Amino acid sequence: MKNISIGQYYAADSPIHRLDARTKLILAILCIVCTFICKSTFAFVALMIFGVLLVLISRIPPKVIFRAMKPIVFIMLFTALINIFWTGGEILLFEWKFIKVYAEGLYNAAFMTVRIIVLIIGSSIFLTYTTTPIALTDGTERLLSPLKKIKVPVHEFAMMMSIALRFVPTLIDEADRIMSAQKARGTDFSSGGLIKRAKALIPIIIPLFVSAFRRADELATAMECRCYHGGEGRTKLHVTHLGFSDFFALILMIAFGAALVLINIYASKYGLGYVMP
Amino acid sequence: MKEPFIRVENLSYSYGDGGNEKPKHPAVSGISLEIGEGEYLAVIGRNGSGKSTFAKLLNLILDPTDGKIYISGKDVTSPDMTDEDVYAVRRDIGMVFQNPDNQLVATVVEDDVAFGPENLGLPREELRKRVDDALAAVGMTEFAGYEPHRLSGGQKQRVAIAGIIAMLPRCIIFDESTAMLDPIGRRDTVEMMEKLNREKGITVITITHYMDEAVRADRVIVMDNGRVLADGTPKQVYSDRELILSAGLELPQCATLVDRLRTAGVNIPDGDSTTPEKCAELIASALKGGELS
Amino acid sequence: MNKAELKNVTFRYMPGTVYETLALNDVSVGFEDGKITGLIGHTGSGKSTLVGMLNGLIRPMSGEVLLDGENIWEKPKNIGSVRFRVGLVMQYPEYQLFEDTVEKDISFGPKNMGLSPDEISRRVKEAADIVGLSGKELAKSPFDLSGGQKRRAAIAGVMAMEPELLVLDEPAAGLDPVGRETVFSAIADYRNMRNSTVVIVSHSMEDMARWCDVLTVMADGGVLMTGSCEDVFSHAEELKKTGLDLPQITKLMLLLREKGVPVGENIYTVEAAYAALTEIFGKRASLKRI
């Protein structure tokens, strides 16, 4: 269990990796907006090209991204099927007993699938794959720092988050050790019904909680000894600055969104391809 | 008369129950002593002797139930102390704890070292310099970008020390900082204490029950039941066999050996026999002396 | 006779990844019946892996682990019964305490063995007795005990399973001298009472020299040497080379030999050193008289 790294950060050197976490957070949101702007065939073609480009620029092997998609293949299939069979329309392609498949259904299914894929690619490439959890936490803190003015404990949440990240591997190790110790005392984790198995977890969970509280207590003392007193007056070693590339990326993304809107408008005006209602 | 670095007067502390029960047995009761700037001091005592409580009182993590602490003549236990004053004391008197895991805050080594200075609100250039200097001082520069959980216990402890050094303290308290380490980690940590004391002039207070660590200090304080039983050089303290044993501690084996040889009538000159090196010196000179006379 | 034995055991952590490490490399070693064996070696020498092998927590990738001459992985389904015969006390075992009283916690292992209530209570009393916990402490919550008592309660929890082979990883780590003494003498008592075999892992050479009958030294995933304390500590130079500590007295004797004092190589206790030195001083004194 020792080497499970938290999150799915994929170390590589790409223009996207180098962007500021704040930029990437905004880009991820814009990317989600873009997927929902798309309404027409050409817009979806553009979105697909965008997704492919994103993967290429990020230098993350497509294999890694496919792996991340595996858990949602079922959801994609499910939405696709619902769209195929339940969308009504004018062009009937196929009919068998009560099942009717319209061309509109096929279009919708394809669009939804592209939407979900790009949604996943966009959010995971901008966030988890190219940004470490800690950078993401810092980025969120800074992005939300205006909220401090209305007494939202942004710093405290970010600190909690980063301490949690710091202690996940430690606690995984600890759980591993306690589990071995209880196994040595004859606990059987792998047989019996659900209730028996749940009961077998008690000797793990209680010591784990006790240990987590003890650690929290010691850590709090250590932090106090190091003059911690909340976020006020605190400086930071790593302060990233928004550079040219950050603005460039943001402008590019907004331009892409605007282009999608224009494509939609033109498509519905001149009847190019299929346009979602 | 010049005020000593740390002066403690009749210091007491009892852990309350937090309820209406009577306060528990005092953990520290009526300690008075002085610690000079640049001293290398070991505080020894069995588990529960009050040595860790004493340490936590010194940097104001605990408030004494009674007594005073003066740092460079300033009463730091007075109710007039502002938050800023308290932070100043904690910056001056840093503390390294027992469990290296539970004192590292950040997910990256250099960020952790920066944690204290960041709390002091130092400008970025200064932060960078302090972090680099501190990591270099403990020999962990090449690990600056590591995640703490990939380090060994001894390495984690060195990072913890760097985190304290980066605050430029005048004194560092090591609260059983070697207890959870393997022999190599222990040796590294003890060598680090010595280096900080000798080269940087930092006052080192090490709290331990390993006698082989205590004998390396300039001064040893023996604690039991919240009181100071003995205070002197390692040689003086460890020559009182009865006292050491009654405090639930042990004598260095070499000192026991010399003790027994003397009792048997072997003429060994007076001297320090607390470490194998010093003891070998002593026995060899006794044998040479025998030849000369 | 060997109670337990490893035959050509190899084990790697995280095989096939960049983190792959060879923990045990073709190790063959035996643990003598009825003896207390001390396992020494610095961090990463493979001793923790070896300890995990003995009660089937870790399965060797190749080679065999024998208990009373039988391969414990013959029927992997029966590994549970091996864990009842080989008790393992891990490092800082007090962190595994979880019941609301010490008594219940000690009886956790025996209960898992499916013993009768009478037998369980007999074993709990006996184990508590060996480690020196009184009835008053048995009724307390384990979280209200002192550090040393918690440690002893956790050790009693394994002793109550009455294992034929008791394995302890750093049983006295972090305890003060009195606490250390109590833990080690409890282990020795358990051995004497049950006539069982004990394996102790520790970094403290003084403790090992004092309490163990046999020492096995590990380095780089293999066994460097095995023998009586006298044999092992007489290879002081070799031990030093692998980065291991030596008992204080052995260190002193090495220094004295360097200074030309004719002391033997196999001295590692205060008693032996005392005997050797009185003899030397005695000779010196009689020479002087002549």
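Predicted model, so just to flag it, every value in this text is computed and none were measured. Sequence lines set the chain letters: A, B, ... in the order given, protein chains first and strands last, and positions in each chain run from 1.
- Atom CZ of B:R227 sits in a sparse spot, with 12 or fewer heavy atoms from other residues, nucleotides or ligands closer than 6.0 Å.
- Considering only heavy-atom pairs separated by less than 4.5 Å from chain C, the leading option among B:P276, B:G248, B:S152 is B:P276.
- Most heavy-atom pairs under 4.5 Å with chain B: of the set C:E206, C:Q91, C:H42, this distinction falls to C:E206.
- By number of non-hydrogen pairs under 4.5 angstrom with chain C, the leading residue of B:L249, B:I184, B:T208 is B:L249.
- A salt bridge is absent between C:R152 and C:E94; no separation between the charged side-chain nitrogens and carboxylate oxygens falls under 4.0 Å.
- Both the backbone and the side chain of C:V270 come within contact range of chain B, judged by heavy atoms closer than 4.5 Å.
- Taking a cutoff of 4.0 Å between a charged side-chain nitrogen and a carboxylate oxygen, C:D245 and C:K251 qualify as a salt bridge.
- Chain B forms the most heavy-atom pairs under 4.5 Å with one residue out of C:T278, C:V261, C:L277, C:L244, and that residue is C:L277.
- Stacking of B:R186 on the aromatic ring of B:Y210 is recorded, both the 6.0 Å distance cut-off and the 45° axial limit being met.
- Proximity to chain B (any heavy atom under 4.5 Å) is restricted, for C:R180, to the side chain, taken from C-beta onward.
- The residue among B:M211, B:H209, B:R46, B:E176 with the most heavy atom pairs within less than 4.5 Å of chain C is B:H209.
- Checked for salt-bridge contact, C:K47 and C:E170 miss the test: no charged N lies under 4.0 Å from a carboxylate O.
- No side-chain N or O of C:Y268 forms a donor-acceptor pair with one of C:S234 less than 3.5 Å apart.
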